[in-house]
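Written below as structure tokens is the structure these notes are about.
Throughout, a chain's letter reflects where its sequence line sits, starting with A, and its residues are numbered from 1.
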Amino acid sequence: MIDFNSVTTAIDRFLNSVLPHQAATLVECLIIAVCAIVAYLTFAIVMIYMERKVCAAFQCRVGPDRVGKWGLLQVFSDVFKMLTKEIIELCSSDKILYTLAPFLVIMSSIITFSCLPFDNGLQVLDFNIGIFFIMAASSFGILGILLGGWSSNNKFSMIGAMRSGGQMISYELSMGLSVLTLVVLSGTMQISDLVEEQTKGWFIFRGHIPAFIAFIIYIISGNAETNRAPFDLPEAESELTAGFHTEYSGMGFGLFYVAEFMNMFIIAGIATTIFLGGWAPFTIPGADAFNSAMFMIPGFVWFLGKTFFVIWLLMWIRWTFPRLRIDQVLVLEWKYMVPIGLLNLLIMTICVVMGWTF
Amino acid sequence: MEMKKPAIKSIPYEEFKDNETLESLLAEVNKERTNVLIGNLDDLINWGRSNSLWSLTFATSCCGIEFMAVGAARYDFARFGFEVTRNSPRQADLIMCAGTITHKMAPVLKRLYDQMAEPKYVVAVGGCAISGGPFKGSYHVLNGIDKIIPVDVYVPGCPPRPEAMLYGMMQLQRKVKAEKFLGGKNIHRKRSDAPKDPIIVTNVPAGDENKNEK
Amino acid sequence: MEVNFIDIKDFRETMLAHRRKGMDFLRELIGMDWQDDGLGAIYMLENSSTHENIEVAVRTLDRERPQLPSVSDIWMVAELYEREVYDFYGIEFTGHHDLRRLYLRNDWVGFPLRKDYDASEELNPVRMESEPVEEFQREYDIQDDREMAEIVEKLKILHYDQYVVNIGPQHPATHGVLHFHLSLEGEEVRKVDIRCGYIHRGIEKLCESRTYPQILPFTDRLDYLSAHQNRHALCMCIENAMEIGVSDRVQYIRTIMDELQRIDSHLLMYSCMAMDMGAITGFIYGFREREKILDIMEEVTGGRLIQNYYVIGGVQADITPGFAKKVKEYCNDQKIRIKEYYDLFVNNVIFRNRSIGVGVLSREDAISFGATGGTGRASGWACDVRKRHPYAMYGKVDFKEIVHTGGDCYTRLIVRLEEILESIGIIEQLIDNIPEGDYKTKTKPIIKLPEGRFSASVEGSRGEFGVFIESRGDKMPYRLKFRPTGLPLLAAAHKIMKGCKIADLITIGASLDYVIPDIDR
Amino acid sequence: MKLRETYIGKILLTIKSLATGLRVTLREFFTRKITEHYPENRKTLHIAERHRAMLCMPHDEEGNNKCIACGLCSMACPNGTISIVTKSVTDEETGKSKKVLVEYNYDLGACMFCQLCVNACPKGAIEFSNSFENAVFDRSKLIIKLNK
């Protein structure tokens with residue numbers, strides 16, 4: 001198993017020898033920031049391309065294939081066009097909040113993005129309350145959407161913002177419950193320990209039934225958290241033209257568009273971390289020969305493979321179901337997801353206390 | 001640096017129609033001398049803009065159904081990168097005016113055009129948008145949308161086939177590639193035509209309380 | 001068709017008498033300008049159970065302030081019909097509680113369909129500023145002593161401090177350019193004010209200055225999803241008026257083509273309903289089958305959406321040899337594919353929750369609004385013209401008329417999907433035994449209809465489409481009126497959409513399946 | 001109480017109906033795509049020969065056409081898209097003056113492809129072709145001179 005800790009400590013030692021301590025940490029922070037943002041944008045581009053190709057595959061058509069070899073350069077041309085579009089300043093909107101909104105959404109998704117365990121040492125933030133921090137960081141993204149909707153002084157975006165507020169805040173609850181169930185199983189909240197624990201066996205297998213139910217609840221509430229169909233009420237095309245980002249043009253809209261895709265990547269990343277064992281390879285307790293073969297494959301390949309499988313699952317759900325109405329969204333949350341989540345938490349604690357987990 | 005003839009995949013340059021107007025556009029663009037760096041950057045931006053033209057879902061009558069058929073599985077304009085049809089004029093690059101524009105619809109179309117972000121384009125699809133088509137003599141029909149907004153490409157037909165619409169979009173791609181973006185297309189035109197005070201659709205009476213309303 | 005005139009004095013009593021005798025379906029209200037005989041209106045009434053119909057007319061000689069008693073309290077659809085006649089002829093209907101122009105702008109000068117209307121550009125230039133939406137409803141009611149009714153501005157349409165939203169002319173889910181002017185309370189819709197006219201092209205005025213063969217292309221562009229049926233209605237009306245015999249082969253071809261167009265329109269209705277409710281994949285699957293029909297149509301008629309296929313006395317060109325094989329191949333494939341729609345969208349629990357019990361239209365309302373077609377049949381009213389007044393081959397083909405009693409959005413979609421299977425059944429009965437014969441009977445180059453009034457009606461894809469021609473014997477009609485299949489649906493929508501949520505408003509609009517150019521003409 | 005009303009029943013029915021929907025899209029994910037690649041398949045593209053995309057006047061080898069400049073087509077057209085310029089020529093043998101076609105202008109932008117002109121032409125000089133690639137940048141390019 002390649003351990004990136006050695007690589008990072010080597011860089012740290014080299015920098016400290018050359019520069020004074022403060023300068024070394026500053027340079028390290030700069031390197032990490034640049035790597036995080038570059039990784040963030042490349043994943044965004046890969047995600048947009050994957051979304052358009054997978055959506056086309058589900059709809060028996062071909063998707064972008066004229067720009068570049070199989071349409072690979074399509075998203076780059078989208079990025080160039082988005083950068084060169086004029087940003088319209090609205091005469092009667094709340095200027096400060098209007099420009100602040102996209103950055104709030106982007107900031108919340110970059111912070112949560114950097115908590116994901118790509119490989120053994122490749123993790124930017126690793127607090128001992130890791131999962132709890134992710135929950136907190138991902139929830140102030142809602143602020144951005146609410147501000148964006150309210151400040152653009154457009155009645156449709158106002159309705160879209162109110163809908164998104166109601167929906168995302170209530171689905172934080174069931175997402176928190178399903179994560180709590182897994183924390184009960186694993187016993188720790190630190191992400192690296194969580195994944196370390198799963199090298200012996202993924203939690204979704206070790207936690208058998210309650211873990212699987214938690215996984216289903218997590219996928220549904222993750223879908224609602226990122227405003228994707230069948231919960232895409234805030235930017236429901238056919239009802240509110242373009243929902244909360246109706247008045248945004250150029251890069252303002254570009255930030256919302258990228259943040260939506262990256263939130264989906266983060267939800268899939270967290271699902272892989274706590275359910276499917278992050279960068280931990282697939283191991284069967286008995287067969288050591290098989291396990292050692294599995295350990296040959298590097299960690300981040302495991303992590304990205306599983307994440308993109310979960311993303312494919314989310315896209316499958318998006319391109320099949322019609323949209324829910326706002327009262328059905330809330331009824332589903334408060335009457336079905338929260339009770340089942342609480343019951344599941346109870347079952348999991350009983351299993352852990354009695355030791356029935358693998 | 002010379003701006004070369006815009007090329008479209010798998011259709012040779014000669015087989016396109018109306019190359020003369022394109023050549024005159026190119027000649028006008030190549031008048032000033034641009035250095036190599038800006039020229040290449042211009043080409044890159046134009047390549048990006050021409051391959052990702054997002055159209056506004058604007059369909060008033062029969063051509064709208066063919067516009068949906070172009071978006072559906074068989075002709076699929078997602079292959080060209082136009083897949084994302086935006087509903088809000090702020091995020092759309094072009095208006096594909098598919099259908100008849102009547103006197104009552106003309107101010108709405110003009111307002112939508114004003115709300116779009118620069119650089120914006122207009123494709124007139126079908127006989128009604130080009131010249132009023134079958135309803136040319138009617139009292140309520142506008143004889144061609146080029147009377148109120150500048151039109152870039154005309155796609156004749158009533159309604160034009162989906163392939164003809166794709167051909168029209170490729171013509172627009174060639175026109176986008178033959179433009180000078182830096183110092184040309186992106187200079188903010190002084191919004192002279194933009195209305196000073198915003199058009200109020202519901203004129204709001206100053207606070208008169210009409211009590212008999214429930 | 002003969003029309004009996006009633007004196008203006010006892011007009012309302014005779015109308016109430018007709019209504020009590022069971023004439024509960026107002027098929028059409030035709031405004032007329034007989035120049036020196038004054039302005040008037042023709043009412044086509046029908047008894048929804050015995051299918052017996054009467055034509056009644058009333059006229060007034062005064063041309064400055066023509067006034068007729070309103071019947072909008074007897075038949076609810078008359079509310080919109082009378083606004084249309086006011087818009088085109090300037091006839092004020094006393095007792096109508098909301099008489100505004102339906103299609104044209106309020107600052108439009110003159111009444112277009114009057115014979116003495118001058119259509120000069122200076123009088124009505126293209127005005128570039130949107131007009132402010134009018135605030136008050138205008139009601140004409142006769143105070144007891146005075147002869148003439150006065151304009152009384154009463155109820156305010158939309159109050160200023162309500163949350164007023166425009167689901168406006170350009171909107172992805174209005175199936176065209178329809179303008180919903182809503183006042184909202186949170187997600188609930190308090191008050192709906194539907195404004196149309198954004199695609200009004202003045203087709204009926206154009207028809208008065210065109211010869212009969214030149215009028216035919218307009219019918220394709222009215223309701224472009226029942227192009228064949230509309231054209232069939234006009235050709236049938238002209239052929240009946242001039243007693244031109246049409247060969248059996250043409251009757252077979254016309255019936256098959258009508259049914260293919262009906263399947264095409266129902267597929268589009270399913271696809272647009274799926275898209276409006278967020279299932280874009282359902283939309284793409286519906287269009288995949290629809291493309292197969294468009295291929296068959298293009299091979300034979302030369303056009304995908306607008307076909308220009310029927311002419312007076314037959315069809316433009318004979319069917320191509322491979323036609324029967326392709327149609328049979330398509331019908332078998334469609335029977336399998338339709339199961340896929342049920343699995344993907346119709347039996348989906350999200351769709352069922354969002355559409356069952358939403359926008360319920362009762363049977364009496366359906367009849368009073370004259371909402372024919374799939375919408376009427378979903379509310380329990382057997383209003384299929386192919387059964388009421390059989391034409392072409394429909395008398396000799398056995399098919400079931402699908403009538404459900406649910407009346408909500410879910411039933412309206414189910415009725416359309418089952419009608420697709422019914423239409424396939426009809427096509428399969430006809431496709432194998434198309435008789436030999438000439439595809440067009442010779443007609444004189446200049447077609448002149450004899451004096452008199454003629455009408456014909458046909459089952460369009462979304463309702464009964466009627467044609468009424470009043471001819472003075474020359475090659476152009478004196479007055480030509482198309483019965484809009486969509487306008488009654490809009491009147492019904494006006495009533496159903498009160499009190500629903502925004503998402504329901506879009507679902508109801510999609511389930512009613514109206515086509516705006518057919519409403520505005 | 002029927003299964004449909006109970007709490008558990010609703011959840012099970014929901015899962016069953018969602019699963020059937022997912023199965024349909026999954027099966028579609030792996031089926032062959034039906035998209036026609038328009039610009040790539042231009043050589044083999046099949047357009048119905050009855051499709052009306054543009055009016056044209058067929059010429060035989062020496063370049064003369066069958067039009068006798070009678071003007072029936074422009075009268076039959078509801079939109080006035082056809083305008084004919086003729087000049088009268090005195091025929092040698094009979095000495096009578098005969099109208100000869102100089103210019104046959106056809107406005108493709110206003111045509112509604114209703115085929116009334118082709119039906120009205122006594123000599124069959126004009127017909128509709130199915131070459132649909134006519135999009136242009138300039139409105140005046142849509143007014144085409146049909147006769148060579």
Side-chain angles (χ1 to χ4, degrees), chain B residues 8-12 15-22 24-25 62 70 72-80 123-137 143-146 151-172 174-175 178, chain D residues 24-25 28-29 31-56 74 76-83 105-117 128-144 146:
Chain B
I8 290 279
K9 222 164 97 170
S10 71
I11 293 188
E15 286 190 24
F16 269 107
K17 284 236 163 49
D18 195 0
N19 286 336
E20 305 78 25
T21 336
L22 205 62
S24 64
L25 277 172
C62 345
V70 167
R74 184 171 170 200
Y75 296 101
D76 188 15
F77 62 6
R79 291 179 290 119
F80 296 80
V123 175
V125 175
C128 297
I130 297 173
S131 69
F135 318 105
K136 215 155 61 162
N143 288 349
I145 55 172
D146 40 19
V151 173
D152 292 301
V153 174
Y154 297 90
V155 181
C158 188
R161 283 182 64 82
E163 280 101 341
M165 280 196 194
L166 291 177
Y167 184 80
M169 293 299 276
M170 283 194 280
Q171 289 276 42
L172 182 66
R174 292 169 66 220
K175 183 165 192 177
Chain D
V24 169
T25 33
E28 198 54 51
F29 188 75
T31 52
R32 212 175 57 76
K33 306 306 171 212
I34 62 159
T35 310
E36 287 178 12
H37 297 261
Y38 160 60
E40 282 81 13
N41 63 0
R42 271 175 96 233
K43 308 291 174 299
T44 64
L45 184 63
H46 162 66
I47 305 280
E49 88 285 356
R50 281 187 184 169
H51 179 61
R52 301 174 288 273
M54 203 173 116
L55 196 68
C56 67
S74 67
C77 173
N79 253 4
T81 52
I82 297 171
S83 62
N105 290 332
Y106 163 68
D107 179 1
L108 180 57
C111 175
M112 64 178 185
F113 308 97
C114 58
Q115 217 160 358
L116 285 172
C117 49
F128 273 99
S129 80
N130 61 6
S131 74
F132 56 89
E133 290 171 338
N134 308 318
V136 285
F137 303 112
D138 183 355
R139 173 78 178 84
S140 58
K141 291 280 187 329
L142 285 176
I143 298 162
I144 308 158
L146 291 188

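For chain B, no part of D:Pro78 is nearby; none of its heavy atoms comes within less than 4.5 Å. For chain B, the nearby part of D:Leu142 is the side chain; its heavy atoms alone come within less than 4.5 Å. With a 4.5 angstrom heavy-atom cutoff, D:His51 touches chain B only via side-chain atoms. For a residue to count as touching a neighbouring chain, one of its non-hydrogen atoms must lie under 4.5 Å from one of that chain's; by this rule D:Phe132 touches chain B with backbone and side chain alike. Both the backbone and the side chain of D:Arg139 come within contact range of chain B, with heavy atoms under 4.5 Å apart. Residue contact with chain D, scored on non-hydrogen atoms closer than 4.5 Å, is absent for B:Met165. Heavy atoms closer than 4.5 Å to chain B are found in both the backbone and the side chain of D:Ala110. The part of B:Phe80 that comes within reach of chain D is its side chain, from C-beta onward, which places non-hydrogen atoms under 4.5 angstrom from that chain. With a threshold of 4.5 angstrom between heavy atoms, B:Asp146 approaches chain D through side-chain atoms but not through N, CA, C or O.
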Query - Full working for side chain to side chain contact (heavy atoms under 4.5 Å, CB included) between B:Arg161 and D:Tyr38 - result: CA-CA 12 Å; B:Arg161 283 182 64 82; D:Tyr38 160 60; over 6 Å; no
Report task. Could you check B:Glu163 against D:Glu36 for side chain to side chain contact (heavy atoms under 4.5 Å, CB included), going step by step and ending with a plain yes or no? Result -> CA-CA 10 Å; B:Glu163 280 101 341; D:Glu36 287 178 12; 3.9 Å; yes
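For the set B:Gly157, B:Pro159, B:Pro134, B:Ala124, the count of heavy-atom pairs under 4.5 angstrom toward chain D peaks at B:Pro134. Put simply, of D:Asp107, D:Thr35, D:Thr81, D:Ile34, the one with the most heavy-atom pairs under 4.5 Å next to chain B is D:Thr35. Ranked by heavy-atom pairs under 4.5 Å with chain D, the list B:Val155, B:Thr21, B:Ile8 is led by B:Thr21.
Here the closest heavy-atom approach between residue D:Ala135 and residue B:Gly168 is recorded as CB-CA, 3.6 Å. For the pair D:His37 and B:Arg79, the tightest heavy-atom approach, listed with the atom from each and the gap, is CA-NH1, 3.6 Å. Here the shortest heavy-atom pairing between B:Lys17 and D:Asn134 reads NZ-OD1, 3.7 Å.
For the pair D:Glu40 and B:Lys9, the minimum side-chain heavy-atom distance is below 4.5 Å. Using a 4.5 Å heavy-atom cutoff, the side chains of D:Lys141 and B:Tyr154 are not in contact. Residues B:Glu15 and D:Glu133 fail the side-chain proximity criterion, which asks for heavy atoms closer than 4.5 Å.
To the nearest 0.5 angstrom, B:Asp18 atom CG is 8.0 Å from D:Ser140 atom OG. How far OG of B:Ser10 is from NZ of D:Lys43: 8.0 Å, rounded to the nearest 0.5 Å.
For the side chain to side chain donor-acceptor pair (under 3.5 Å) test, no residue two or more places apart in sequence or in another chain qualifies with D:Tyr106.
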